[in-house]
Amino acid sequence: MKKVQILYITIIAVLSLSGISFSQDITQVTFLSELDGKSTATYGDALIMFKLQSGSTVSAKGKKISAGESYTLEGYTENDPLSKGMASLMTARYLDLDGSFMYMIFDFERYAYKACAANGIFSSEGSENDKLTGSELIELFSKISDIKGGK
Amino acid sequence: MKLIKISIASILIMFFTATLHAEISVLKVEGSAAYKEGNKWIPLRTGQKLAEGVKISTGANSYADIKLNSQNHTIRIKPFTMIQVFSKETKTDTNTHIGLKRGGIMAKVPREGNVKTIFKVSSPIATSSVRGTEENISYGPDTGMIIEVVKGVVEGTNTLGRSNTLSARQKFIQMYSKAEALNILNDVKNASIIQIYGNGLTADEIVTMLYSDDQTGSPGGDISILDNQVQNADINLKIIWP
């Protein structure tokens with residue numbers, strides 16, 4: 001009977017330890033999986049992605065973004081659909097892009113989109129008014145990650 | 001008697017299945033990386049063995065190195081990537097197929113003399129086939145599938161069956177809206193040639209002129225200093241095509 005109890009305790013201990021080793025932040029993988037299926041990404045999705053890219057280790061969802069971050073835009077709410085122009089302006093500010101003289105003068109979505117196209121972040125076919133899907137937003141961050149020196 | 005026969009058959013099936021499926025194992029994990037079991041994402045662990053057909057996803061600033069078989073065929077799964085891995089091997093050949101749903105991977109497929117190797121990476125719009133090489137492959141809905149050769153030879157084929165054979169410095173870029181991949185030297189060309197407009201000005205120079213004085217000395221600006229100084233000159237151009 002005592003042997004059985006020791007066996008149970010050992011099994012519980014092993015399971016508990018493996019639980020500790022599983023303690024990666026899986027929330028962001030789940031969030032990416034959900035975002036991948038969205039037909040239109042939102043400004044709030046982009047904020048979360050920038051926060052994750054900036055090295056946040058907290059769970060992606062439900063966290064306030066500081067208004068002082070360079071990539072935040074004024075005049076939009078988190079539920080607004082994300083356009084290529086909005087994503088371009090956030091990206092150009094985050095990466096401090098050059099490549100478009102006009103963007104260097106005017107911090108507008110239109111010229112930020114041109115700067116992103118010049119840097120190969122967006123294909124030049126399309127317009128700054130196009131809405132981004134969830135999978136396109138993830139693709140944008142794959143490129144940002146490459147530019148930032150991803151592993 | 002019937003039970004014994006079923007048991008023997010089951011053991012034989014298990015034995016042959018085991019020799020067909022290669023051992024997929026996790027070499028290293030950094031950041032957030034998970035595999036899918038049922039409908040749940042479960043964190044990847046270093047040294048873990050994975051089942052045939054496993055789906056793997058990585059998060060921001062994360063990567064995972066995966067060993068695909070005993071021939072040391074490995075991939076590095078880059079950030080924001082989702083793939084599905086199928087890998088089989090016998091003593092004489094290996095057959096690996098990776099479905100790239102999004103993101104990018106770097107594949108290393110060393111060549112073994114006597115082992116027949118099939119190594120394919122597929123996206124919804126194209127497939128890369130390699131043997132004895134290293135390559136970077138990425139896929140996304142905006143820019144399509146990009147195959148960049150690091151070492152060796154790769155074949156890129158789109159869904160219409162049109163293919164290009166690539167070696168170092170060449171890139172296969174298949175976009176959604178195009179029937180054919182872009183020119184494999186497009187990147188080299190873009191880095192070597194700039195587009196010029198009227199009076200030999202680049203786009204940036206034209207934009208500069210619109211908002212400031214002309215600083216280029218072009219015919220559109222003040223070139224009175226050059227009056228009566230027109231001469232012919234020989235210019236030697238040495239064009240190095242990489």
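Atom set for the values below is all heavy atoms of this structure, side chains included, hydrogens, waters and symmetry mates excluded.
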Any residue meeting salt bridge (Lys or Arg N to Asp or Glu O under 4.0 Å) with A:Glu125, in chain and number order, not counting sequence neighbours: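 Testing A:Glu125 for salt bridge (Lys or Arg N to Asp or Glu O under 4.0 Å), a comparison that skips the adjacent residues, returns B:Lys178.
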For residues 79-93 of chain A, which residue pairs qualify under side chain to side chain donor-acceptor pair (under 3.5 Å), counting only residues two or more places apart or in two chains?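 Applying side chain to side chain donor-acceptor pair (under 3.5 Å) to every pair that reaches into residues 79-93 of chain A, excluding sequence neighbours, yields A:Thr77-A:Asp80, A:Arg93-A:Asp107.
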Separation between CG of A:Leu35 and CZ of B:Arg102, rounded to the nearest 0.5 Å: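 These two atoms lie 8.0 Å from each other.
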Nearest 0.5 Å please: distance from the CZ atom of B:Phe80 over to the CG atom of A:Leu52.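 Atom-to-atom, B:Phe80:CZ and A:Leu52:CG are 6.5 Å apart.
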Does NZ in B:Lys55 sit with more than 12 non-hydrogen atoms of other residues, nucleotides or ligands closer than 6.0 Å?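 No.
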So for atom NZ, which belongs to B:Lys108, do other residues, nucleotides or ligands contribute more than 12 heavy atoms lying within a distance under 6.0 Å?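 Atom NZ in B:Lys108 is not crowded, with 12 or fewer foreign heavy atoms closer than 6.0 Å.
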Where does B:Met106 contact chain A at under 4.5 Å (heavy atoms): side chain, backbone, both or neither?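 Neither part.
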What part of B:Ser138 is in contact with chain A, defined as an atom under 4.5 angstrom from a non-hydrogen atom: side chain, backbone, both or neither?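 Looking at B:Ser138, nothing touches chain A.
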Minimum heavy-atom distance [X]-[Y], with the two atoms named:
| X | Y | answer |
| --- | --- | --- |
| A:Ile26 | B:Pro43 | CG1-CG, 3.5 Å |
| B:Asp142 | A:Ser123 | OD2-N, 3.1 Å |
| B:Ala60 | A:Gln28 | N-OE1, 2.7 Å |

Which residues pass the side chain to side chain donor-acceptor pair (under 3.5 Å) test with B:Glu155, sequence neighbours left out?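 Counting only residues at least two positions away or on another chain, B:Glu155 forms no side chain to side chain donor-acceptor pair (under 3.5 Å).
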With chain B as the partner chain, list the residues of residues 130-140 of chain A whose heavy atoms fall under 4.5 Å from it, by residue number, and write 'none' if nothing qualifies.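 So the qualifying residues are A:Ser135, A:Glu136, A:Ile138, A:Glu139.
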Side chain, backbone, both or neither of A:Ile121 within contact of chain B (heavy atoms, under 4.5 Å):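 Only the backbone of A:Ile121 comes within 4.5 Å of chain B.
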Given side chains that start at C-beta, do those of [X] and [Y] come closer than 4.5 Å, heavy atoms only?
| X | Y | answer |
| --- | --- | --- |
| A:Ser142 | B:Lys78 | no |
| B:Lys101 | A:Asp36 | yes |
| A:Lys143 | B:Thr143 | yes |
| B:Met82 | A:Leu32 | no |

